[in-house]
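Single-structure report; data block below.
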Amino acid sequence: MAAVTEDQVELVRALVAAIPAGRVATYGDIADAAGLSSPRIVGWIMRTDSADLPWHRVIRASGRPAPHLSARQLEALRAEGVLADDGKVDLCATRHRF
DNA sequence: CGCTTGACTAGAA
DNA sequence: TTTCTAGCCAAGC
């Protein structure tokens, strides 16, 4: 069963929506929590269906948002109390644990 | 039906 | 430190 079921997608969306303000999660964390095989699936879901999701709370494993979204995400995160140093978020302090 | 693109990651150079 | 590679899955053309 390699394909991602809709339940997995819904789970991913639920997990992202469940991230409290002031916390962030990595694509890999969400993928693992949702049972996905690849973190790209999470990125795919965000790109395809990010309308009602706080995607700005989802960052890469490096502690840094995607290049094209870094400015916007950093600004949104900063508004929620997530301080980023030189464009890098402190995962040790802000990473949400499911 | 096949190739390219992309909100990714970890490891290597 | 940055850049590249391989693996990964789905959508678009």
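All heavy atoms count here, side chains included; hydrogens, waters and symmetry mates do not.
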Point to revise | Pairwise 5' ranking along DNA chain C for A:S38 and A:T48, keeping only the more 5' one | key: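 Closer to the 5' end of DNA chain C: A:S38.
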
**Study point:** C:dC8 and B:dC1, which share atom name P, separated by this distance in whole Å
**Key:**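 Per the computed distance, 23 Å lies between those P atoms.
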
Exercise for review: Identify, residue by residue, the members of residues 66-89 of chain A with a heavy atom below 4.0 Å from DNA chain B, and return them in order of residue number, or none.
Suggested key: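 Going residue by residue through residues 66-89 of chain A, the ones with a heavy atom under 4.0 Å of DNA chain B turn out to be A:A66, A:H68, A:L69.
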
Practice item. Would you mind reporting whether A:D85 and A:D90 have side-chain heavy atoms less than 4.5 Å apart? Key: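 Not touching, per the 4.5 Å side-chain cut-off.
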
Check your understanding: Would you say the side chain of A:L74 lies within less than 4.5 Å of the side chain of A:P65, judging by non-hydrogen atoms?
Key ->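 Yes; the side chains approach each other to less than 4.5 Å.
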
Practice item. Only pairs at least two apart or in different chains count here, so list each side chain to side chain donor-acceptor pair (under 3.5 Å) that has a residue in residues 60-71 of chain A. Key: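 Matches after skipping sequence neighbours: none remain.
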
In this structure, how many angstroms lie between the [atom2] atom of [N] and the [atom1] atom of [X], rounded?
X	N	atom1	atom2	answer
A:D49	C:dA10	CG	C1'	14 Å
A:W44	C:dC8	CH2	P	18 Å
A:L36	B:dG6	CG	P	21 Å

Measure all distances between protein nitrogen or oxygen atoms and nitrogen or oxygen atoms of nucleotides 9-13 of chain B, and list the pairs falling under 3.5 Å.
residue: B:dT9; atom: OP1; partner: A:A61; partner atom: N; Å: 2.6
residue: B:dT9; atom: OP2; partner: A:A61; partner atom: N; Å: 3.1

**Study point:** A:A93 backbone acceptor or donor facing A:R23 side chain under 3.5 Å
**Key:**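 Looks like yes, one N/O pair under 3.5 Å.
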
**Study point:** Whether A:Q73 side chain and A:V58 backbone form a donor-acceptor pair below 3.5 Å
**Key:**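 It does hold such a pair.
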
Exercise for review: For A:R13 and A:D52, run side-chain contact (heavy atoms from CB on, under 4.5 Å): C-alpha distance rounded to whole Å, both residues' side-chain angles, the deciding distance at 0.1 Å, then the answer.
Suggested key: CA-CA 9 Å; A:R13 297 177 74 249; A:D52 53 316; 2.8 Å; yes

Check your understanding: Are A:F98 and A:V24 connected, step by step, through hydrophobic side chains (Ile, Leu, Val, Met, Phe, Trp, Tyr) whose heavy atoms are closer than 4.5 Å?
Key ->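 Different clusters: A:F98 never reaches A:V24 through Ile, Leu, Val, Met, Phe, Trp or Tyr contacts under 4.5 Å.
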
Practice item. Decide, yes or no, whether a salt bridge links A:E75 with A:R78 under the criterion of side-chain N to carboxylate O below 4.0 Å. Key: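 A:R78 and A:E75: not salt-bridged.
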
